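From a predicted model like this one, the values you see are computed outputs, not experimental measurements.
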Amino acid sequence: MNQTTNSILMIRPVAFRMNEQTAVNNYYQKVIDGLLPATVNAKAQQEFDAFVAKLKAVGVDVIVVEDTLNPDTPDSIFPNNWISFHENGDIALFPMFAENRRLERREEILDILEEKGFFIDNIMDYTSAEEDDFFLEGTGSILLDRENGKAYCALSPRADEELFIEFCEDFDLNPIIFEAFQTVNGERKLIYHTNVMMCIGETYAVICADSIDDKKERKMVIDSLKGDDKEVIYITEDQVNNFAGNMLEVKGANDRRYLVMSAAAYKSLTKKQIAQLEEHVTILSSSLDTIEACGGGSARCMMAEIFLPKEDI
């Protein structure tokens with residue numbers, strides 16, 4: 001199994017704004033005062049287009065799908081939460097916490113991928129769990145170490161333990177389960193998505209170990225990463241607040257590996273951390289300030305990795 005891919009799906013927003021339905025437990029979202037919704041969306045589109053251009057410039061195969069105005073999906077820019085693509089031709093559809101995010105699941109996106117030569121064999125659909133208020137938000141909730149057959153999950157209102165275990169059984173993955181916290185107004189609150197506080201590359205992992213309050217759980221996660229010969233690079237909670245955990249490794253031209261992050265994430269890193277990362281990958285960053293502030297998500301959330309087999313058209 002490959003840990004990184006050259007192909008990613010990205011959804012270009014048409015009505016991006018702060019989603020009031022997700023703000024209840026995504027503490028990274030902020031209201032930008034004085035900006036009209038149209039201005040927020042225009043800024044998000046500019047950031048999106050510049051980001052896509054940077055990825056394409058280094059040889060990443062970016063499949064951009066335009067969002068539609070109807071239905072209203074303010075968070076459609078984050079497709080990794082509702083779908084994941086796997087090397088055996090399977091895709092998974094995930095149950096979403098926010099009702100308006102469930103509308104992001106569009107069948108025509110699968111048709112577009114098939115037209116591009118990707119082979120879809122089987123759809124694993126977990127979305128019926130929404131009826132019972134159980135959620136598991138894709139590779140936001142689940143961090144896949146595909147190469148080592150592991151899946152990491154920080155439990156939260158958006159990541160149900162039983163559903164996660166079911167997913168791991170279906171995809172033959174070893175589940176690593178823990179809780180991660182952030183300080184909100186002096187209180188420790190569960191981090192809504194695992195991919196905010198950690199990232200797994202081929203030969204390294206980035207993690208905010210301090211967010212795992214339980215020492216046994218913290219040790220278990222670190223031991224698991226180190227046991228797979230990954231260099232563990234530690235980040236702080238302040239860096240998590242700047243989306244330094246929300247990174248993704250992708251392949252560009254000639255299989256060169258890039259670690260993709262936002263400009264804010266990059267600026268928050270120390271020289272030592274940058275040097276540690278550059279031992280493994282080339283860093284690629286892009287300004288996503290509006291998307292991060294209103295959406296409460298960053299570079300990693302915007303990219304749904306495509307591992308599907310490809311047929312020659």
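- Here N80 contributes atom CG and L248 contributes atom CG; the two are 8.5 Å apart, rounded to the nearest 0.5 Å.
- Here the side chain of T194 pairs a donor or acceptor atom with the backbone of A154 at under 3.5 angstrom.
- The stretch residues 270-280 participates, sequence neighbours left out, in these side-chain hydrogen bond (donor to acceptor under 3.5 Å, both in side chains) pairs: T203-H280, E231-Q276, E231-H280, Q239-Q273, T270-Q273.
- The hydrophobic cluster containing L103, built from Ile/Leu/Val/Met/Phe/Trp/Tyr side-chain heavy atoms closer than 4.5 Å, comprises no other residue.
- Of all the heavy atoms in V206 and M247, the pair that sits closest is CG2-SD, 4.2 Å.
- Remark: K43 does not engage D289 in a salt bridge, criterion side-chain N to carboxylate O under 4.0 Å.
- At a threshold of 4.5 Å between non-hydrogen side-chain atoms, the residues S141 and F164 do not count as touching.
- Side-chain contact, S268 with N242: no donor N or O sits under 3.5 Å from an acceptor N or O.
- Here the straight-line distance linking atom CZ of R257 with atom CD of E249 works out to 4.5 Å at 0.5 Å rounding.
- Sorted by first and then second residue, the salt bridge (Lys or Arg N to Asp or Glu O under 4.0 Å) pairs involving residues 135-151 (not counting sequence neighbours) are E137-R158, D145-K230, K150-D228.
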Run the numbers on D75 and W82 for side chain to side chain contact (heavy atoms under 4.5 Å, CB included), then give the verdict.
CA-CA 11 Å; D75 275 334; W82 66 266; over 6 Å; no
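- At distances below 3.5 Å, at least one donor-acceptor pair connects side-chain atoms of N246 with backbone N or O atoms of S298.
- Judged by distance alone, with hydrogens and angles left aside, the side-chain atoms of E292 form no donor-acceptor pair with the main-chain N or O of F243 at under 3.5 Å.
- Residues L113 and F85 form a side-chain contact, since some pair of their non-hydrogen atoms from C-beta on lies under 4.5 Å apart.
- Contact annotation: the side chain of F78 approaches that of R101 to within less than 4.5 Å [non-hydrogen atoms, C-beta and beyond].
- The heavy-atom pair separating T73 from N100 by the smallest distance is CG2-O, 3.8 Å.
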Under 3.5 Å, which donor-acceptor pairs link side chains of residues 50-66 to any protein atom two or more places apart or in another chain?
from: K54; atom 1: NZ; to: S285; atom 2: O; distance (Å): 2.9
from: D61; atom 1: OD2; to: S7; atom 2: OG; distance (Å): 3.0

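- For D210 (side chain) and T236 (main-chain N/O), no donor-acceptor pair under 3.5 Å exists by modelled atom type.
- Between the CD atom in E104 and the CG atom in N81 there is a gap of 7.5 Å [rounded to 0.5 Å].
- When all heavy atoms of P13 and D67 are compared, the pair lying nearest together is CA-CB, 4.3 Å.
- A donor-acceptor pair under 3.5 Å is absent between the side-chain atoms of N2 and the main chain of T4, judged by distance alone.
- Contacts classified as ring pair (Phe, Tyr, Trp, His ring centres under 6.0 Å) and involving residues 131-153 (residues at least two apart or in different chains) are given here: F97-F135.
- Rounding to the nearest 0.5 angstrom, the gap separating the SG atom in C153 from the CZ atom in F178 is 7.5 Å.
- Using a 3.5 Å distance cut-off with no hydrogens or angles, the side chains of T139 and E305 do not pair a donor with an acceptor.
- Partners of E161 according to the side-chain contact (heavy atoms from CB on, under 4.5 Å) rule, which considers only residues two or more places apart in sequence or in another chain, are L155, I165, I177.
- For T127 and D125, the side-chain atoms include at least one donor-acceptor pair closer than 3.5 Å.
- No donor-acceptor distance shorter than 3.5 angstrom exists from the side chain of S84 to the backbone of G138, with no hydrogens or angles considered.
- Residue S156 comes nearest to L190 through the heavy atom pair CA-CD1, 4.1 Å, listed as atom of the first residue, atom of the second, then distance.
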